[in-house]
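The structure appears right after this line, and notes come after that.
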Number of protein chains: 2
Amino acid sequence: MNLRLARTSCIECPIRHRAVCAECDDTELAVLEGIKSYVTVPKGGRIAEAGESLDHLSSVVSGCATVSKTLADGRRQMVGLLLPSDFIGRPGRATLSFDIEAATDVTLCRFQRRAFEAIIRSSPNVARRLLTMTLDELDVARDWQVLLGRLTARERVIHFLLSLVRREATETGAAHRSGPVRLELPLSREMIADYLGLTIETTSRQFTALRKDGLIKTPTARTIVVPDLVDLMPEAMDEDGAPSA
Amino acid sequence: MNLRLARTSCIECPIRHRAVCAECDDTELAVLEGIKSYVTVPKGGRIAEAGESLDHLSSVVSGCATVSKTLADGRRQMVGLLLPSDFIGRPGRATLSFDIEAATDVTLCRFQRRAFEAIIRSSPNVARRLLTMTLDELDVARDWQVLLGRLTARERVIHFLLSLVRREATETGAAHRSGPVRLELPLSREMIADYLGLTIETTSRQFTALRKDGLIKTPTARTIVVPDLVDLMPEAMDEDGAPSA
DNA sequence: TTGCCGCCTTGATGCAGATCAAGGCGCGAA
DNA sequence: TTCGCGCCTTGATCTGCATCAAGGCGGCAA
């Protein structure tokens, strides 16, 4: 792990209003500011390993990390995707159950675990925010279970693309309901396959099929252009009731 | 929903030390005691529906409930199994994203949402316990993602059985690491299939195969006897490293 | 006791996605 | 500029599970 300290002020922090600190008042923020430190992990680097004890909790400031588990025979399943503002770690317990790796260069805002646990106890705004974020993650994980258990390969890929678009929209504040969108995929085909519970080959074939159907364009393997989001959404097969995104 | 009030004291409550109230001191417990009420939902009854607003949060006192989502075309995936001590609801938000149904007769210990949210604010022991429980549920959901994304039908059924055994062990305090175990399945074959992301037929065939292999006995469709847990565990294909349970 | 109904099992067949197997393409190093 | 190496795509084939289709079994009502 490549350490690099920085002195960015929380006030100017890009995730100030979305991360675990989102609901802090100035006093609380000052406390967090006092114990935080920045770390950069290069693309491909390990951030944490299942079972290993870690004494820092952190927020993702920039970049993209994956949460996954690898079985004894090499089968691998991604179970979480960490983007800016997402939280890493489990207050109250030192060990994680999953591996966390940097999919791109990742910058973390870290807190010593003991110090952060003290803050949770003293500042209900942090505790409450963390509970909300964890409940949101639980909903995401459960939607993902539906995807892995019941959706076809094509539906999975479409869901993946739509979720990236949606996530990007909430980050930039912009909300495209329709119209063309350009996406830079933070993940390789192999990682996407692990995300979706498919093989690389099937994933690749689905991208090809979507391209042939005119639903996406692929100027580069890592760049996806969606001419019209509305075309993609009917195939997502979401919820009960009617198909939607 | 079939209402039935009762005046069981928290002190004698079977889930007193495992539920959301587990870490309460006597004062906090008294407050909860003041706002709680019991409800019984008969087998097959709806406890909550996705999107619908509910003004109670509850703990499962007895019985078994399922958390699931149904797609527009009828495909269904279970994403959670609620057993005694598990918590239902999302403090801070009125609507759920999933359907909750009683798989057996279920008794709930309910709290008015507003009142409970006030308690979370005033009593850190409840807030902390809820965070821990939510983090635990997240881990369970993620392990389930691995099962749905990468395990074979046989491995899924074995995992299901082992998870029931383990859960039962923590409830009764008894820990069998080996030796014969008898299980009463709280779920029908259809529900097990929805749990495991399989069809009824495949699920049934896997039970048959395990029986033919001598790994289980099935005196009744709903009763499973595992002559030796140790025989089942090597096939579970858990974690990294070596196969284990 | 009989008959019905829901749930479960078993068999035959089909198909989506895995697996096996070649290349192609783009990018960085020499 | 060329080479080599990842990463991605495409094709051929295989297979585990879904789907389609019959019954069997057990509990309950009459």
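Lettering follows sequence order; numbering is per chain, from 1. These numbers were taken from a predicted model, which means no experiment stands behind them.
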* Asked: Could you give the start and end, 5' to 3', of the contact zone on DNA chain D for chain B, using atoms under 4.0 Å from its heavy atoms?
  -> dC17(D) to dC20(D)
* Specify the closest pair of heavy atoms between Val61(A) and Pro84(A), including all atoms of both residues, with the distance to one decimal. => O-CB, 3.4 Å
* Asked: Which atom names give the shortest non-hydrogen contact between Thr223(B) and Arg182(B), and what distance separates them?
  -> CG2-NH1, 3.3 Å
Give the rounded distance in Å between these two atoms: [atom1] of [X] and [atom2] of [N].
{"X": "Glu190(A)", "N": "dA18(C)", "atom1": "CD", "atom2": "C1'", "answer": "15 Å"}
{"X": "Phe207(B)", "N": "dC7(C)", "atom1": "CZ", "atom2": "P", "answer": "16 Å"}
{"X": "Glu201(B)", "N": "dC7(C)", "atom1": "CD", "atom2": "C1'", "answer": "12 Å"}
{"X": "Ile192(B)", "N": "dC7(C)", "atom1": "CD1", "atom2": "P", "answer": "13 Å"}
{"X": "Met191(B)", "N": "dC7(C)", "atom1": "CE", "atom2": "P", "answer": "10 Å"}

* Could you give the distance from CG (Asp99(B)) to OG (Ser68(B)), rounded to the nearest 0.5 Å? -> 5.0 Å
Backbone N or O of [Y] within a donor-acceptor pair of the [X] side chain at under 3.5 Å?
{"X": "Ser188(A)", "Y": "Met191(A)", "value": "yes"}
{"X": "Arg110(B)", "Y": "Ser58(B)", "value": "no"}
{"X": "Arg150(A)", "Y": "Arg75(B)", "value": "no"}

Below 3.5 Å is the cut-off: list the nitrogen or oxygen pairs between protein and nucleotides 12-16 of chain C, distance only.
unit_1  : atom_1 : unit_2    : atom_2 : d
dA12(C) : N6     : Arg205(B) : NH2    : 3.4

Considering every strand and a 4.0 Å limit on heavy-atom distances, what is the contact class for [X]: base, sugar-phosphate, or nothing?
{"X": "Thr199(A)", "result": "base"}
{"X": "Ser204(A)", "result": "base"}
{"X": "Arg150(B)", "result": "nothing"}
{"X": "Arg75(B)", "result": "nothing"}

* Nearest-nucleotide 5' precedence on DNA chain D, Leu151(B) against Lys212(A) -> Lys212(A)
* **Arg167(B) with Asp86(B): basic N within carboxylate O range, under 4.0 Å** => yes
* Asked: Does some side-chain heavy atom of Val20(A) sit less than 4.5 Å from a side-chain heavy atom of Leu57(A)?
  -> no
* Asked: Side chains of Phe87(A) and Thr134(A): closer than 4.5 Å at any heavy-atom pair?
  -> no
